[in-house]
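To keep things clear, I will list the structure first and then write my remarks on it.
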Amino acid sequence: QVQLVETGGGLVQAGGSLRLSCAASGRPFSSYAMGWFRQAPGKEREFVAAVNWSGGTTSYAESVKGRFTISRDNAKNTVYLQMANLKPEDTAVYYCAARTGSFSREPRYDYWGQGTQVSVSS
């Protein structure tokens with residue numbers, strides 16, 4: 001079992017930055033690939049970014065490429081999502097997720113956090 005807790009969400013103006021953190025507890029964090037997803041009201045949950053167990057391989061949705069950076073610190077059992085140049089369309093609840101094996105751009109993850117709200121005003 002893995003427990004995931006996201007922090008760092010909030011309200012920010014367009015063009016601003018936020019850093020989300022996801023702290024994991026339970027089984028060895030380095031066993032898992034990690035992903036970030038988001039869900040806006042009335043929309044399906046969508047892929048944002050993912051990172052493999054070592055942090056050496058990442059993947060991003062086209063809509064965030066060049067603005068968001070995913071990273072992980074296995075010593076701290078934490079994965080991060082650095083978000084820059086935020087846009088109103090980035091407004092959503094952001095979830096982190098963990099899965100064994102390689103990461104996925106689909107929401108096929110074993111464990112999910114409770115989510116953190118990110119709101120971007122224009």
Side-chain angles (χ1 to χ4, degrees):
Q1 281 280 50
V2 175
Q3 293 78 43
L4 303 172
V5 179
E6 303 98 333
T7 56
L11 175 63
V12 64
Q13 289 187 332
S17 300
L18 281 175
R19 188 176 80 157
L20 305 183
S21 299
C22 174
S25 60
R27 295 184 63 183
F29 180 64
S30 59
S31 300
Y32 295 92
M34 300 298 295
W36 285 98
F37 290 76
R38 65 187 182 187
Q39 188 166 18
K43 295 188 176 181
E44 293 187 352
R45 190 168 297 189
E46 66 172 358
F47 171 75
V48 175
V51 61
N52 74 333
W53 69 274
S54 69
T57 304
T58 58
S59 179
Y60 296 93
E62 284 300 317
S63 60
V64 306
K65 196 173 291 184
R67 300 188 297 122
F68 291 11
T69 302
I70 188 171
S71 61
R72 65 189 296 162
D73 185 337
N74 287 343
K76 295 183 178 179
N77 290 351
T78 302
V79 63
Y80 305 98
L81 185 68
Q82 180 69 50
M83 305 184 294
N85 190 21
L86 283 160
K87 305 175 181 181
E89 51 264 42
D90 294 317
T91 295
V93 177
Y94 283 70
Y95 299 89
C96 72
R99 59 174 278 160
T100 54
S102 58
F103 61 68
S104 172
R105 296 169 66 94
E106 300 295 327
R108 297 171 187 163
Y109 284 70
D110 302 312
Y111 304 101
W112 292 84
Q114 82 290 348
T116 186
Q117 177 71 47
V118 172
S119 299
V120 184
S121 62
S122 57

Here the gap from Arg99 atom CZ to Glu106 atom CD, rounded to the nearest 0.5 Å, amounts to 10.0 Å
- [ ] Indicate, with yes or no, if Leu86 and Val64 share a hydrophobic cluster defined by side-chain heavy-atom contacts under 4.5 Å among Ile, Leu, Val, Met, Phe, Trp and Tyr.
- [x] yes
Discussion item. Applying side chain to side chain contact (heavy atoms under 4.5 Å, CB included) to Val48 and Tyr60, what does each step give before you reach the verdict?
Written reply: CA-CA 6 Å; Val48 175; Tyr60 296 93; over 6 Å; no
Output for pair (Ser30 OG, Asp73 CG), nearest 0.5 Å, gives 11.5 Å
Check: Would Arg72 count as a cation-pi partner of Trp53, with NZ or CZ less than 6.0 Å from the six-membered ring centre and within 45° of the ring normal?
Finding: no
Would you say the side chains of Ser121 and Gln13 form a donor-acceptor pair under 3.5 Å?
no
Taken to the nearest 0.5 Å, the spacing of Tyr80 OH from Thr69 OG1 works out to 14.0 Å
Between Tyr111 and Tyr32, what is the ring plane arrangement, given parallel below 30°, perpendicular above 60°, and tilted in between? perpendicular
Applying side chain to side chain contact (heavy atoms under 4.5 Å, CB included) to Ser17 and Gln82, what does each step give before you reach the verdict?
CA-CA 8 Å; Ser17 300; Gln82 180 69 50; 4.2 Å; yes
Nearest heavy-atom approach of Ala14 to Ser122 is CB-CA, 4.3 Å
Notebook entry, point to check: Same hydrophobic cluster for Val51 and Leu81, using side-chain heavy-atom links shorter than 4.5 Å among ILVMFWY?
Noted result: yes
Here the gap from Thr78 atom OG1 to Leu20 atom CG, rounded to the nearest 0.5 Å, amounts to 12.5 Å
Distance col, row Trp36:CH2 vs Met83:CE, nearest 0.5 angstrom, shows 8.0 Å
Hydrophobic cluster membership, with links at side-chain heavy-atom distances under 4.5 Å among I/L/V/M/F/W/Y: are Val2 and Tyr109 in one?
no
Worked check of side chain to side chain contact (heavy atoms under 4.5 Å, CB included) between Ile70 and Val79: CA-CA 7 Å; Ile70 188 171; Val79 63; 4.0 Å; yes
Transitively linked via ILVMFWY side-chain contacts under 4.5 Å: Val93 with Leu4? no
* Asked: In terms of hydrophobic clusters joined by side-chain contacts under 4.5 Å, are Val12 and Phe68 together?
  -> yes
Here the pair of heavy atoms bringing Phe29 nearest to Met34 is CE1-SD, 3.7 Å
Trace of the side chain to side chain contact (heavy atoms under 4.5 Å, CB included) decision for Asp90 with Arg38:
CA-CA 9 Å; Asp90 294 317; Arg38 65 187 182 187; 2.9 Å; yes
Are Phe37 and Tyr95 an aromatic pair, judged by ring center distance below 6.0 Å?
no
